[in-house]
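Quick caveat, the model's predicted, so the values are computed rather than measured. In what follows, every chain begins at residue 1, and chains take the letters A, B, ... in the order their sequences are listed.
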Amino acid sequence: MASMTTTTPMTAGAAPPGTGQAPANPVLADLVVDWFGAHARDLPWRHPEAGPWGVLVSEIMLQQTPVHRVLPVWETWLRRWPTPAGLAAEPSGEAVREWGRLGYPRRALRLHQAAGAIVERHGGAVPDQLDDLLALPGVGTYTARAVAAFAFRQRHAVIDVNVRRFVARAVEGTAAGPTAVSRRDLELVADLLPADPETAARASAAFMELGALVCVARAPRCPACPVQEHCGWLAAGSPPSDAPARRPQGYAGTDRQVRGRLLAVLRDATGPVEQELLDQVWDEPVQRGRALAGLLADGLVVRCAPGVYALPT
DNA sequence: TATCCGTGGTA
DNA sequence: TTACCAAGGAT
């Protein structure tokens, strides 16, 4: 909703009457931004030269994927396709191949589709409006806001798992559960953002970085946290989450594992592959067939001829 | 809203 | 070793 992106900046640290919460402390952002200045990682997509396209590519790649695995793929990707038009001009299968083992390869397909949409609808330039970004394939609430903030230096609440955890702890004094980002989360974070857009964009990056490096999920490094004296969760004795744990993810033996193996064969092949070769990656024929059918349905694989498969060309 | 969608690092 | 975790999105 556009209205929350323009939420008026902080009313000077006054607690909402009667809520019993800690005041939305405007000092919080300052502290975290200062910390960011001293401890931020030097990531290539944070350099101005990366441009909006570099930022968009990084955000898609970073979805559910650690930074250290994204770095090399991002470098080669941007070298090969420095513009959306370059990517859009190639077959989607090339995007899937270059994606390598980043995981969730449908992201590669959607990034390829997004590049096409950027060329068609925006003259080849990554759009700077939230609604236009959101309309791109593979771009959801988080990614649209991240690109608008980090590439175009706009003031938006950018909430990923790191920010959610940080705000739950520091502001709400609780452990974040596994639930989706809520309207309340958006309001809480919007209230933390400084009024100046550039500073707000920097604060958004800073919150994420703090969550990624200090306010981490398993063993937070509170002694190293710039906000420790203002943290409701620490003050409350670091209580565990009262929310039910999410169902274990599981991987071994799932369709996802089979899909991954099938796609790996096709990615590593230079051309079309015989069914026989694919059959070797998994013994159980029913699950194998289901996995292949899923890849075909998703457009990650095409059938060139009976019993012959390849990445889309 | 719950489930599906990869892969690899870490404790 | 198992289980958790990682800059989410689509359906």
Per atom distances to the A/Asn162 side chain, the nearest of C/dG9, C/dA7, B/dG6 is C/dA7
A/Val158 and A/Ala149 have their tightest heavy-atom pair at CG2-CB, 3.8 Å
Here the distance between atom P of C/dG9 and atom CG of A/Leu111, to the nearest Å, is 13 Å
Taking the side chain as every heavy atom from C-beta outward, state whether A/Thr174 and A/Arg169 have any atom pair closer than 4.5 Å. no
Residues of residues 277-293 of chain A with a heavy atom under 4.0 Å from any atom of DNA chain C, listed by number, are none
Review point. What is the nucleic acid contact for A/Trp45, judged by heavy atoms within less than 4.0 Å: base, sugar-phosphate only, or nothing?
Key: base
Does A/Glu49 have more than 12 heavy atoms from other residues, nucleotides or ligands lying within 6.0 Å of its CD? yes
- Query: Any ion pair linking A/Glu94 and A/Arg97 (charged N to carboxylate O, less than 4.0 Å)?
  - Reply: yes
| query | Which is true for A/Ala212 with a 4.0 Å heavy-atom rule: it touches a base, it touches only sugar-phosphate, or it touches nothing? | reply | sugar-phosphate
- Base, sugar-phosphate alone, or nothing: which one does A/Ile60 contact when heavy atoms must sit under 4.0 Å apart? nothing
Whole-Å distance, A/Gln63 CD to C/dG9 P, equals 5 Å
Atom CG of A/Asp298 and atom P of C/dA10 are separated, to the nearest Å, by 13 Å
Using a 4.0 Å heavy-atom cut-off, does A/Gly103 contact any base of the nucleic acid, only the sugar-phosphate backbone, or nothing at all? base
From CG of A/Leu210 across to P of C/dA6 the rounded distance in Å is 14 Å
Checking C/dA7, C/dG9, B/dG6 against the side chain of A/Leu62 (C-beta onward), the nearest is C/dA7
Heavy-atom donor-acceptor pair, A/Arg256 side-chain to B/dT7 base, under 3.5 Å:
no
Q.
Is it the case that C/dC5 (base atoms only) and A/Arg218 (side chain only) share a donor and an acceptor within less than 3.5 Å, ignoring hydrogens and angles?
A. no
Query raised in the report: Does the A/Asp298 side chain pair with the main chain of A/Leu300, one donor and one acceptor, at a distance under 3.5 Å?
Result: no
Is there a side-chain contact between A/Tyr251 and the phosphate of B/dT7, meaning an N or O under 4.0 Å from OP1 or OP2?
yes
- Message: Categorize A/Val70 for me: base, sugar-phosphate, or nothing, with a 4.0 angstrom heavy-atom threshold over every strand shown.
- Response: nothing
Separation of C/dA10 atom C1' from A/Arg106 atom CZ, nearest Å, is 7 Å
- [ ] Just call it for A/Ala146: base, sugar-phosphate, or nothing, with non-hydrogen atoms closer than 4.0 Å on any strand.
- [x] nothing
*Taking only side-chain nitrogens and oxygens of A/Arg101, does any of them come within less than 4.0 Å of OP1 or OP2 of B/dG6?*
no
For C/dA6 and A/Arg165 - does any side-chain N or O of the residue sit under 4.0 Å from the phosphate oxygens OP1/OP2? yes
note: A/Asp160, atom CG; C/dG8, atom P; distance rounded to Å ~ 5 Å
Kindly indicate whether the side chain of A/Thr65 and the base of B/dG6 share any N or O donor-acceptor pair separated by less than 3.5 Å?
-> yes
| message | Between C/dG9 and B/dG8, how far apart are the two P atoms, rounded to whole Å? | response | 22 Å
(request) With heavy atoms under 4.0 Å as the rule, sort A/Val158 into base, sugar-phosphate or nothing. (result) nothing
Partner of A/Leu266 under side-chain contact (heavy atoms from CB on, under 4.5 Å), picked from A/Leu277, A/Val273, A/Val302, is A/Val273
From CG of A/Leu300 across to P of B/dG6 the rounded distance in Å is 7 Å
Of C/dA7, B/dG8, C/dG9, the nucleotide closest to the side chain of A/Thr143 is C/dG9
Here the distance between atom C1' of C/dG8 and atom CG of A/Leu56, to the nearest Å, is 14 Å
Determine whether a donor-acceptor pair (N or O, by modelled atom type, separation under 3.5 Å) exists between the side chain of A/Ser58 and the backbone of A/Val55.
yes
Q. Less than 4.0 Å between a side-chain N and a carboxylate O, is that true for A/Arg46 and A/Glu209?
A. yes
